[in-house]
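Working notes for the structure below.
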Amino acid sequence: MTFPVPHTALARLETQVQDALRAPDDRTRGPNGTPGAPGAHGPHGSLDVLGYGEITLVLRLRTPEGSFACKRLPAFPDADRFARYRRSLDAYLHSLAERGLTVAPTQVWHTRGPGGRVIAYCVQRELPPERLCSRLLHTQDETWAKNFFARFLDAVDAAVHPGLGLDAQASNWIDADGELTYLDVTTPLMRDARGRELLDVRLFFTSLPWILRDAVRLSMAASIFDKFYETRGVLLDFLGNLHKERLGALVPAFLEQANARVAKPLTTDEVAAYYRADARMWELIQRLRAADRFWHRAVRRKPYPFLLPPPVDR
Ligand SMILES: Nc1ncnc2c1ncn2[C@@H]1O[C@H](COP(=O)(O)OP(=O)(O)OP(=O)(O)O)[C@@H](O)[C@H]1O
Ligand SMILES: [Mg+2]
């Protein structure tokens, strides 16, 4: 199941992104310095923001052929690194489908940047934003929530294994027509038989330059992915993130359902402690990136090459 990629519109979008990245700080902020709500003309000038993740943001592209979700990837230094990424994404999509997961059909669009670099986007059709599971858990009742969580557990349990990971937080799923669809595939989580990440971890951490200082830090960073490769870790991350979504009240009911699936039961204390540690890590990362952006703009007088999501209130 595929769709035609809107080439011309994407080329125009990339030009707009380049303009937004070049814009001085003031122009990229929303009214009164407030971050814009998703979909509003917020902190990124005229760009239409569909949603936010931890690392970056997702842009909406409206065309006569429909509306698309566009996820800009870190710039690839050369065609080879890009080809490798494409292969890993294809393998990831294939493995997820093989394990019965419904994934939003995803295509890659790319263009040449300066110095042989490749600028690329993962593109999906826009699915109904009001059906995002992190929103539905706010708007639907507890019966819906429990039914959702049972389907979620089946999907996660069937997909995850030591070679295949999932970042399964509620904001990465859309429930349309009674089917859970997984959205967040831009960072393919796959490991070889020796447990090495197939992802170009170094490339995907280019927005975290402090991590790249040595190999030790890089391997430490890779270990933050461990949890995504086993059901228990994925569930702990999902449940912890409910606190971020202000959905902590759902934790006890979900724990009961989750514990039927794992050998070592999860507890509310473990979930809360996990979330506190996770929140601290992301706060640190956000602060370091803000500092790096300041360094690029104010000291080196160069545009900062990434679109950053606004700070999250954790
Ligand atoms: N196909 C889509 N249709 C509608 N909304 C989408 C779609 N893809 C993404 N979104 C919105 O954008 C948000 C972030 O998307 P996604 O999870 O794919 O990227 P991400 O979280 O930024 O990835 P990462 O955490 O790896 O940086 C989602 O929570 C959702 O609100
Ligand atoms: Mg996400």
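Order of appearance sets the numbers: ligands from 1, and atoms from 1 within every ligand.
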Can you sort out which atoms of ligand 1 are near L50, meaning under 4.0 Å from one of its heavy atoms?
4 (C), 5 (N), 6 (C)
A student checking ligand 1 against N172 at a 4.0 Å heavy-atom cut-off should list atoms 17 (O)
Top protein contact for atom 30 (C) of ligand 1, by heavy-atom distance:
L132 CD1, 3.8 Å
Would you say F68 contacts ligand 1, with heavy atoms under 4.0 Å as the rule?
no
Can you confirm whether more than 12 heavy atoms, excluding those of D177, are under 6.0 Å from its CG atom?
no
Please confirm whether F82 and H110 have ring centers closer than 6.0 angstrom.
yes
Ligand 1 versus L57: contacting region, heavy-atom distance under 4.0 Å:
neither
Among all protein heavy atoms, pick out the one at the shortest distance from atom 10 (N) of ligand 1; state its residue, atom name and that distance to 0.1 Å.
L183 CD1, 4.0 Å
Taking heavy atoms and a distance under 4.0 Å, where does D184 meet ligand 1: side chain, backbone, both or neither?
both
With a cut-off of 4.0 Å, which atoms of ligand 1 are near a heavy atom of T187?
26 (O)
Mind checking the OH-CZ spacing from Y85 to F204? Nearest 0.5 Å is all I need.
4.5 Å
In plain terms, say whether K71 and D184 are close enough for a salt bridge, that is, a side-chain N and a carboxylate O under 4.0 Å apart.
no
Does any N or O of ligand 1 fall below 3.5 Å from an N or O anywhere on D167, backbone included?
no
Atoms of ligand 1, numbered as shown, that sit under 4.0 Å from any heavy atom of E126:
3 (N), 4 (C)
Determine, stepwise, if the pair R81 / D200 fulfils salt bridge (Lys or Arg N to Asp or Glu O under 4.0 Å).
CA-CA 8 Å; R81 295 279 278 282; D200 195 337; 2.6 Å; yes
Any N or O of L127 that comes nearer than 3.5 Å to an N or O of ligand 1?
yes
With the Mg ion (ligand 2) at the apex, how many degrees lie between OD2 of D184 and OD1 of N172, rounded to 10 degrees?
90°
For atom 27 (O) of ligand 1, the closest protein heavy atom turns out to be I55 CB, 3.1 Å
Side chain W173, main chain A168, donor-acceptor under 3.5 Å:
yes
Nearest protein heavy atom to atom 22 (O) of ligand 1, by residue and atom, and its distance?
G53 CA, 3.2 Å
Please identify which atoms of ligand 1 are closer than 4.0 Å to at least one heavy atom of K71.
8 (N), 9 (C), 16 (P), 18 (O)
Ranked by distance from atom 15 (O) of ligand 1, the top protein heavy atom is V58 CG2, 3.4 Å
Atom indices of ligand 1 within 4.0 angstrom of A69 heavy atoms, with elements:
1 (N), 2 (C), 7 (C), 8 (N)
Verify, without hydrogens or angle tests, whether R131 (side chain) and D175 (backbone) share a donor-acceptor contact under 3.5 angstrom.
yes
Do the charged groups of D19 and R22 touch, with an N to O distance under 4.0 Å?
yes
Flag for Q107-T2: side-chain donor and acceptor within less than 3.5 Å:
yes
Presence of salt bridge, R99 and D157, under 4.0 angstrom:
no
Do R261 and D154 meet the salt-bridge criterion of a basic N to acidic O distance under 4.0 Å?
yes
Relative to the heavy atoms of S171, which atoms of ligand 1 are at a distance of less than 4.0 Å?
28 (C), 29 (O)
Between S171 and L132 the two heavy atoms that sit nearest each other are O-CD1, 3.5 Å
Got the closest protein heavy atom to atom 11 (C) of ligand 1, with its distance?
G51 CA, 4.0 Å
With a 4.0 Å cut-off on heavy atoms, is R125 in contact with ligand 1?
yes
